[in-house]
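Input: a single structure, listed below in structure tokens.
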Number of protein chains: 2
Amino acid sequence: MRALDVLGRRWALRVLWELRDGPRTFRALREACDDVSPSSLNQRLAELRGLGVVEPGDTGYGLTPAGVRLGRILLELSRWAEDTVRDRAAK
Amino acid sequence: MRALDVLGRRWALRVLWELRDGPRTFRALREACDDVSPSSLNQRLAELRGLGVVEPGDTGYGLTPAGVRLGRILLELSRWAEDTVRDRAAK
DNA sequence: GCTTGCGCTACATATTTGGTAGCGATACGC
DNA sequence: GCGTATCGCTACCAAATATGTAGCGCAAGC
């Protein structure tokens with residue numbers, strides 16, 4: 001499945017995650033993602049735009065409606081991750 | 001977030017996906033994942049075991065309870081992906 | 001016209017992934 | 001006991017991908 005392939009690349013989920021609460025400029029996004037290199041970010045953004053989940057606007061890059069739906073799933077994913085970490089720490 | 005980092009590596013989501021309906025042997029898993037190289041698969045399995053979502057058993061590798069929960073989220077992710085593909089195809 | 005910040009590209013280096021061969025262990029029939 | 005079949009997995013090298021750093025072209029503000 002093409003979509004899952006793109007999402008399984010480095011920084012892809014993270015970029016989406018950072019865009020959840022509003023658009024960000026290229027440079028702001030870069031900082032938010034632990035200063036990912038501009039080449040990597042640019043490549044990932046191109047792929048995500050190709051998927052139709054991210055699009056550039058006046059205030060920087062933002063999520064499309066499909067991206068917003070994906071963001072909600074990511075929220076569950078992050079909750080799962082938190083729970084997992086907590087469970088493992090409790091051992 | 002460490003968990004999302006591991007999940008954002010190549011084949012990680014796919015491996016989890018292929019284990020949804022029951023354990024698989026190392027070699028069966030390899031075939032299921034488009035014949036991923038054993039070195040990559042082994043590395044990913046080690047990381048997923050480290051995360052506590054996959055574990056080896058008598059009939060091969062299987063999901064832990066945390067892995068099963070994650071699998072349900074992945075199901076939503078795949079549904080999202082299908083919808084996205086359909087929407088884009090309809091354009 | 002000079003500065004500032006923007007998106008983004010170029011390019012060399014480092015890291016990750018992939019391909020192929022095959023090892024040691026276990027289980028089977030013979 | 002002896003081939004042989006399959007298992008999980010390692011070694012090793014080539015190919016693909018990510019990173020780091022520098023800086024270009026552009027638009028806005030002064």
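A note on names: the letters A, B, ... follow the listed sequences, proteins ahead of strands, and every chain is numbered from 1.
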Could you check how far [atom1] of [X] sits from [atom2] of [N], rounded to whole Å?
X	N	atom1	atom2	value
Arg44(B)	dG8(D)	CZ	C1'	18 Å
Phe26(A)	dT9(C)	CZ	P	8 Å
Arg9(B)	dT17(D)	CZ	P	16 Å
Arg24(A)	dG7(C)	CZ	C1'	17 Å
Arg10(A)	dA14(C)	CZ	P	16 Å
Asp34(B)	dG19(C)	CG	P	10 Å
Leu29(A)	dC8(C)	CG	C1'	13 Å
Leu48(A)	dG7(C)	CG	P	16 Å

Charged N to carboxylate O below 4.0 Å: is that the case for [X] and [Y]?
X	Y	value
Glu47(B)	Arg44(B)	yes
Arg27(A)	Glu31(A)	no
Asp34(A)	Arg30(A)	no

**Q.** Residue pair Leu7(B), Trp80(A): steps toward the side-chain contact (heavy atoms from CB on, under 4.5 Å) verdict
**A.** CA-CA 12 Å; Leu7(B) 296 182; Trp80(A) 168 88; 3.9 Å; yes

(Q) For dG8(D), does the base pair up with any side-chain atom of Arg27(B) as donor and acceptor (N or O, under 3.5 Å, distance only)? (A) yes

Q: Mark yes or no for a side-chain to base donor-acceptor pair under 3.5 Å between Ser39(B) and dG19(C), with no hydrogen or angle criteria applied.
A: yes

At under 4.0 Å, does any side-chain N or O of [X] touch on OP1 or OP2 of [N]?
X	N	answer
Gln43(A)	dT17(D)	no
Ser40(B)	dG18(C)	yes
Trp11(A)	dT17(D)	no
Arg30(B)	dC7(D)	no
Asn42(A)	dG7(C)	no

Q) Any idea which of dC9(D), dC6(C), dT19(D) is nearest the Thr25(A) side chain? A) dC6(C)

Q. For the side chain of Pro38(B), counting heavy atoms from C-beta on, which of dT19(D), dA21(C), dC8(C) is nearest?
A. dA21(C)

Q) On the ring face of Trp17(A), is Arg20(A) found with NZ or CZ under 6.0 Å from the centre and within 45° of the axis? A) yes

Q. More 5' along DNA chain C: Asp35(B) or Gly60(A), using each one's nearest nucleotide?
A. Gly60(A)

